[in-house]
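Only one structure is covered here, and it is reproduced in the block below.
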Amino acid sequence: MSVVSGVTVTVPATTANLGPGFDCIGAALKLYNEFKFTRLEEGGLTIHVTGTEAERVQTDESNLLYQAFVKFYQHIEQTPPTVKIEIKLGVPLARGLGSSATAIVGGLVAANQLEGTTLSQAQVMELAIAMEGHPDNVVPALLGGCRLAATSGAAWEICDVPWHKDVVPVVAIPNFELSTSEARGVLPTEVSRADAIFNTAHLGLLLRGLETGNGQWLKTALQDKLHQPYRKALIPGYDALNIAAVSAGAYGMVISGAGPTLLALADKLHSEAVEAAMLAAWQEEGITAEVRSLSLDTQGAKSF
Ligand SMILES: Nc1ncnc2c1ncn2[C@@H]1O[C@H](COP(=O)(O)OP(=O)(O)O)[C@@H](O)[C@H]1O
Ligand SMILES: N[C@@H](CCOP(=O)(O)O)C(=O)O
C-alpha cells in the first residue's frame, strides 16, 4: 500500500484492572478521543487541542501522542514526516480512564495508516505495550472489548473476555487528577503468597462472573489485595462511595485503572440508582464529579 496524506483515528477510553486483574485485564468504553494527522510540506510540528481540559495537553514534541507517532518511525527506521495534529478530547486526563493509552495507541495507529499499514495489528500492539509498560489499557484501546493479556516473555497472548449484556459499568469521575505514576508509586514491590492466591482466585471468578452475569460471583470477585488497599488513601471518599454503590444495588466497586475514577458494576435494574448514590456520596465529600453508565466499546481504535 502507498503512503497517504492524512488520517483520523478514534480511540476509546478504558477501565483497567477491574479489581483483581491488576496490570492484566481491561475493557474499552464508549467514550473517545479523536486524533487527526495531516502531513505538512513545510513548517514544523503543529498541535491543536480542543475539548474539556484542552489547555492541559502539551502542544510541543513532548506530547505523548506525538511521541508514540515518533516511536513508530524509530521502529521502522525512518524519519517521521512533519505533521499537523488536531486532538479532540473526550476522555478526561489522568482520571484512570486510559487517556495515556488513547494517546499511545492513537499515535502508533495514525503513523501506521500514514505509511500504508506497514506493521500488523499485533506489531502495533507490542509497541503500545512496550511504551505504556503494561497491557491492560492499551490492548482494549486498540482492539475493543474486554481483554486479558498474558506473556511468558516473548509474545503476548490476548484473550477476549465475554461480558454479559446485563452487567453495566458505572463510572464516577471526580474533578481531580491522579497520575498513573503517582498511583504506581505507592505500591509495594513484593506481595505475600496469601495475597497472590487471593487475587488469582478472584480474577478467575471475575472472568466467570463477567461471562455469566452471576451477581453472587461478581460480588465476591470484585475484591483485590494487590493495589487498591494501597491506592484508596489517594482517593478521598473511596469508602463512602463503596458503601453508597453497594447499598444502591451494585455488585461491587473498584478503582478504574490507577484512579481516581471509581467503577461500579451493576445490573440494568440498579445502574441508575448506583449512579445517583455515587454522585451524592462524592458531593457529601465536597467533590464535584460526573457519574455515568457507559457501555463497552467493541471496535477499539478506528481510522478513516
Ligand atoms: N490526548 C492526549 N494527547 C497527548 N497526551 C495525552 C493525551 N491524553 C493523555 N495524555 C498524557 O497522558 C497523561 C495522563 O496519563 P496517566 O497519568 O497515565 O493517566 P490516565 O489514567 O488518564 O491514562 C496526561 O497528563 C498527558 O501527559
Ligand atoms: N494497571 C495500570 C492501569 C493504569 O490505567 P490508567 O487508565 O490509569 O492509565 C495501573 O493500575 O497502574
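First listed ligand is number 1; within each ligand, the first listed atom is number 1.
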Mind checking whether Asn137 contacts ligand 2 via backbone (N, CA, C, O), side chain (CB onward), both or neither, at a 4.0 Å heavy-atom cut-off? side chain
Just checking, Lys219 and Tyr251: is the charged tip under 6.0 Å from the six-membered ring centre and within 45° of the axis? no
Taking 4.0 angstrom as the limit and counting only heavy atoms of Asp23, give me the atoms of ligand 2 inside it, by number and element. 1 (N), 2 (C), 10 (C)
How would you list all residue pairs meeting side-chain hydrogen bond (donor to acceptor under 3.5 Å, both in side chains) that involve residues 171-190, not counting sequence neighbours? Asp23-Arg184, Arg56-Glu177, Ser179-Ser181
Backbone of Pro140 reached by a side-chain donor or acceptor of Arg147 within 3.5 Å: no
All heavy atoms of Ala289 vs all of Trp282, minimum pair found to be CB-CE3, 3.8 Å
Taking distance alone, with no angle check, do Thr180 and ligand 2 share an N/O pair under 3.5 Å? yes
Among protein heavy atoms, which lies nearest atom 3 (C) of ligand 2, and at what distance? Asp136 OD2, 3.5 Å
Counting N and O atoms only, with roles assigned by atom type, does the side chain of Asp136 sit under 3.5 Å from a partner on the main chain of Ala16, one being a donor and the other an acceptor? no
Which residue supplies the protein heavy atom nearest to atom 7 (O) of ligand 2, what is that atom called, and how far is it? Gly98 N, 2.9 Å
Do any pairs count as a side-chain hydrogen bond (donor to acceptor under 3.5 Å, both in side chains) and have a residue in residues 58-73, sequence neighbours left out, and if so which ones? Asp60-Ser62, Tyr73-Glu115
Counting only non-hydrogen atoms and a 4.0 Å cut-off, the residues near ligand 1 are Asn33, Phe35, Val57, Gln58, Asn63, Leu64, Leu65, Ile87, Leu89, Leu93, Ala94, Arg95, Gly96, Leu97, Gly98, Ser99, Ser100, Ala103, Ser179, Thr180
Please determine, by modelled atom types, if Glu34 and Thr8 share a side-chain donor-acceptor pair under 3.5 angstrom. no
Those atoms of ligand 2 less than 4.0 Å from some heavy atom in Gly257: 5 (O), 8 (O), 11 (O)
Is the number of heavy atoms from other residues, nucleotides or ligands within 6.0 Å of CD (Glu272) greater than 12? no
Checking heavy atoms under 4.0 Å, the part of Gln228 that sits near ligand 2 is neither
Could you check whether Glu290 pairs with Arg292 (Lys NZ or Arg NE/NH1/NH2 to Asp/Glu carboxylate O, under 4.0 Å)? yes
Under 4.0 angstrom from ligand 2, any heavy atom of Leu97? yes
Short version for His134: what comes under 4.0 Å of ligand 2, heavy atoms counted, is side chain
Can Lys302 and Gln299 be counted as having a side-chain donor-acceptor contact under 3.5 angstrom? yes
So is Gly96 touching ligand 2 or not, going by heavy atoms under 4.0 Å? yes
Under a 4.0 Å heavy-atom limit, does Asn17 contact ligand 2 with its side chain, its backbone, both, or neither? side chain
Nearest-neighbour protein heavy atom for atom 8 (O) of ligand 2, which is reported as residue plus atom name and distance: Ala258 N, 2.9 Å
Verify the distance criterion only: is there a donor paired with an acceptor across the side chains of Asn199 and His202 at less than 3.5 Å? no
Per atom 11 (O) of ligand 2, closest listed option by heavy atom (Glu132, Arg231, Arg184): Arg231
For residues 89-101, dump all side-chain donor-acceptor pairs below 3.5 Å to protein atoms at least two apart in sequence or in another chain.
residue : atom : partner : partner atom : Å
Arg95   : NE   : Pro174  : O            : 2.8
Arg95   : NE   : Phe176  : O            : 3.2
Arg95   : NH1  : Glu53   : OE2          : 3.1
Arg95   : NH1  : Leu93   : O            : 2.7
Arg95   : NH2  : Glu53   : OE2          : 2.8
Ser100  : OG   : Glu132  : OE2          : 3.2

